[in-house]
There are 2 protein chains.
Amino acid sequence: VKKPENNLKNFLEPESVAIVGVSRQTGPESYNILENLLGYDYRGKIYPVNPRASQILGVKTYASIGDIKGNIDQAIISLPRSLVPRAVKECADKDVRAIVIVSQGFADADDEGKSLQKEIDEIIQSRGVRILGPNSLGTSNSFINFSSSFVKLDLPRVPVTLICQTGSLFGSFDLRVGKFIDLGNTCDIDMIDCLDYCEQDQDTRVAALHIEGLRNGKGFIEAVSRLARKKPVIALKTGTSEQAALAVQSHSGSLAGRDEIWQAALKQSGVLRVSEIQELRDSTRAFSRLPLMKGNKVGIISISGGLGVIAFDTICRSGLELAAFSPSTLKRISGLLPAWQGVNNPIDLWPGFMVSKQPFARLLSESLDSVLADAGVDGVLFMWAVRSPPVSQDLEDVMSRLARVYPGKPIVCCFTGDCAQDAEKRLDGLEGTLAFSTPERAVKALGYLARYSAFQKDRQE
Amino acid sequence: VKKPENNLKNFLEPESVAIVGVSRQTGPESYNILENLLGYDYRGKIYPVNPRASQILGVKTYASIGDIKGNIDQAIISLPRSLVPRAVKECADKDVRAIVIVSQGFADADDEGKSLQKEIDEIIQSRGVRILGPNSLGTSNSFINFSSSFVKLDLPRVPVTLICQTGSLFGSFDLRVGKFIDLGNTCDIDMIDCLDYCEQDQDTRVAALHIEGLRNGKGFIEAVSRLARKKPVIALKTGTSEQAALAVQSHSGSLAGRDEIWQAALKQSGVLRVSEIQELRDSTRAFSRLPLMKGNKVGIISISGGLGVIAFDTICRSGLELAAFSPSTLKRISGLLPAWQGVNNPIDLWPGFMVSKQPFARLLSESLDSVLADAGVDGVLFMWAVRSPPVSQDLEDVMSRLARVYPGKPIVCCFTGDCAQDAEKRLDGLEGTLAFSTPERAVKALGYLARYSAFQKDRQE
């Protein structure tokens, strides 16, 4: 049986879906896939299957998959596990090529589960259907208002695709993602299929991977290397210790492998490895919102010498360097500071603010412009306390202008003070600049951008 | 000249303060110390000094310090630097023993600044006054609604005292602190004075230090070792790289020293070293809100196997271990899960939730109680998605009860879902349990508790 060319298209861009096993329960905590889909305003055809209802939420239901007349791009099966193999077979009979199995308790469970999985595997082999799961939330695609997830999601249209081996990352931990794929127990569709999809997909500018363990290491390295040459790829590889690797085996049934091997393989493939969920969040945001660092030199403007030192520490830990300002930059900056103050990178702007006779927006604009204009600066960190809405507004105006004037240099920010969150939100609407809650997180974001840029350069030389 | 016994009392617990150099400007961004103090409802006497006003904000002002009749525990000097030495002398004449110098531009600045500092040093020597600063926000003490800071602060009454070498940590980065001390440029009052204060102070149960560099390393080690024997001490040592150490020198004029030496010295003293502001935040919160871990064994209840693996990774990195559940615990837990599911630590509770016929509060309570009751468990991580207010309420009720039943075992949580923040806030009102935004941060918090407990045990053996 020949497998279809684009393995993921029906999963991520379905024009019609059947939901097999739709509950009549609706409202909070009912985890109703149909209810979610209607809420997203998905424009494709929806066929709910439930033999005990004629309609649910105003949508006509069908007693079985076979009763549906139209074409079905994707079926989502959410039934007690013993009923799943028969439903898969009915899907194959109806020529459904893409099936998400939400149900749990198969190969990773008891003997009965293993035998049910075997039945499913045989249908995959003999009928050429493709299966995502079992134990999968399926996919989401914000660009067509679609998700098969029983957990209701926000669907922000951001150019990040997250491929994960646990659905608990869907819509959690402030991960802003335009497309999700939950591999679940990976009985068929695997990480490699997803990487190939990301490589071709126009909506994907950044790929993020959550990896517990994989079966085809060689194929993965080939696919991920290909992808990383075109787009930034970030990986959170979990199950890193020997003990944790055993836990992975019991969770997803796959082998986690020795961590040193992963470390080397990911590095060589040009994949940015992160070790915490927060870093996954920050790095995907950085790549989707900021230009790359052309080199590794950072200019810092800070509200205090102490925060400058803290940022400097992180710069040293992140493979970055403090930029050496040119004489003309130093001269411009010194014009903003009291005469007694030395001018250095990091710049402590507070004494300048205290003596300044000009409006804050001017001081802000002039200091940032001085640093951004310096040819020896590849990216800028700005730290300030935002204690009133006008300052927040000034920040938005100045950052918006400077990001347009210097489109090749990322500006990361760290705000404190009562209006910090307001300022962060304002920056969220801009390209080229982004705020983080601590200096360390902001600097690490620049580090990701510099590392990927260095990988791209090394390849070209 | 004999120095007073308790060096910090006048700085942190003043019954009367003079503010030398009060601005007539008020409102947002005016950084008016008097306005802040009035806002806190500080009950001590306040004497504003400003020769060009007769009253500010309804408070009688004085033309000079000498004009004040009453006793003055503390003077806060916020004047152009050239006027500072004379003001210090006037304070000495008026027998003010504790002086905060807010002004900047002294020993760390140009020749004029160095010479002004020399004048101040001579007054310290000859008159026995104590000085905090220059370049200091001074102190805050939420227990008496006091702060000398020109930045308006929240003053939560929590048992954490933060000593820092930059005022930019005051009220920033979600650091909840009951008492603050900003050493500024440390011309007199130093880290050792502050450590001694913390050792004696009843309001201080946890001490947090931000260290750039110190002059008296030996004295510091002695004082901090004494303190760490009694109370948890956390240190964010910055200026770690050689380059950054030079930046410290230009910021605070002190030597940062080689990082390996710091690492060893802090460890031997029983100080918990953290390397990021976020860790400083999380660790102080953990120690002020949770019991210590008696050992290093963690029980995990998770909404997904994947998050369990991520938590397990952090456990291995934090010197913790996964608890091996007793047979009776395993039996109790298996009663909550579908028959096909293996029972292991980390517990994946989601399949149990899906098949459960009982209310969520019962499942929650029974699963947590099983793990907490196990003698082989020293602390628990609970991860769940909170998607409706009733679940949030259940969490508050169950956690509140269990924290009382098991007062010796910390319960850390990580919530996702729309109502995660609501659940976090509810837990904020409870003792013995605390929520963090990611599994990694939650596990690291348990790690801090276990490390301090191990240090305490090692000392007793």
Side-chain angles (χ1 to χ4, degrees), chain A residues 28-29 81 104-105 109-110 112-113 151-152 164-169 172-173 210 212 238-241 243-244 247-248 250-252 275-278 303-310 312-314 316 322 338-342 344 346 348 351 354 385 387-388 391 416-417 437-441, chain B residues 28-29 81 104-105 109-110 112-113 151-152 164-169 172-173 210 212 238-241 243-244 247-248 250-252 275-278 303-310 312-314 316 322 338-342 344 346 348 351 354 385 387-388 391 416-417 437-441:
Chain A
E29 302 272 336
R81 62 175 182 167
Q104 299 187 296
D110 56 357
E112 190 191 334
V151 174
K152 180 99 192 264
C164 47
Q165 295 192 285
T166 174
S168 53
L169 294 182
S172 301
F173 305 109
H210 161 259
E212 286 193 346
T238 70
T240 53
S241 77
Q243 285 171 292
V248 167
S250 92
H251 169 228
S252 61
S275 53
E276 299 194 2
I277 292 172
Q278 186 173 277
I303 193 170
S304 90
L307 290 189
V309 171
I310 288 171
F312 194 178
D313 282 340
T314 315
C316 298
L322 219 51
W340 57 258
Q341 195 184 348
N344 255 314
D348 178 1
M354 291 307 272
R387 300 202 177 96
S388 70
V391 169
T416 61
S437 67
T438 64
E440 293 94 339
R441 289 172 71 173
Chain B
E29 303 273 336
R81 64 176 182 167
Q104 298 187 297
D110 56 357
E112 190 191 334
V151 174
K152 180 100 194 264
C164 47
Q165 295 192 284
T166 174
S168 53
L169 294 181
S172 301
F173 306 110
H210 160 258
E212 286 194 348
T238 70
T240 52
S241 75
Q243 286 171 291
V248 166
S250 92
H251 170 229
S252 62
S275 53
E276 299 193 3
I277 292 173
Q278 186 172 277
I303 193 169
S304 90
L307 289 190
V309 171
I310 287 171
F312 194 177
D313 283 339
T314 314
C316 297
L322 219 52
W340 56 258
Q341 195 184 349
N344 256 314
D348 178 1
M354 291 306 273
R387 301 202 177 94
S388 70
V391 169
T416 60
S437 66
T438 65
E440 293 94 340
R441 289 172 70 174

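Reminder, nothing fancy here: chain letters follow the sequence lines and each chain counts from 1.
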Taking every non-hydrogen pair under 4.5 Å, which of C316(B), G105(B), S172(B) racks up the most with chain A? G105(B)
Set of side chain to side chain contact (heavy atoms under 4.5 Å, CB included) partners for P338(B), sequence neighbours left out: W340(B), Q341(B), P351(B), V355(B)
So CZ of F173(A) and CD1 of I310(B): to nearest 0.5 Å the spacing works out to 7.0 Å
Heavy-atom pairs under 4.5 Å with chain B are the metric here; pick the option from P439(A), S437(A), A385(A) that has the most. P439(A)
What one should report as the nearest heavy-atom pair of E440(B) and E276(A) is OE2-CA, 3.2 Å
Contacts of type side chain to side chain donor-acceptor pair (under 3.5 Å), residue Q104(B), not counting sequence neighbours: N135(B)
Shortest non-hydrogen contact from V309(B) toward G239(A): CG1-N, 3.4 Å
Is chain B contacted by the side chain of T314(A), its backbone, both, or neither, given a heavy-atom distance below 4.5 Å? neither
Atom CG of D313(B) and atom CD of E212(A): how far apart are they, to the nearest 0.5 Å? 9.0 Å
Identify the heavy atoms of T166(B) and S304(A) that sit nearest to each other, and give their distance. OG1-OG, 3.3 Å
Could you tell me which non-hydrogen atom of E29(B) sits nearest to which non-hydrogen atom of S388(A), and how far apart they are? OE2-OG, 3.2 Å
Best-contacting candidate, I277(B), T416(B), T438(B), against chain A by heavy atom pairs under 4.5 angstrom: I277(B)
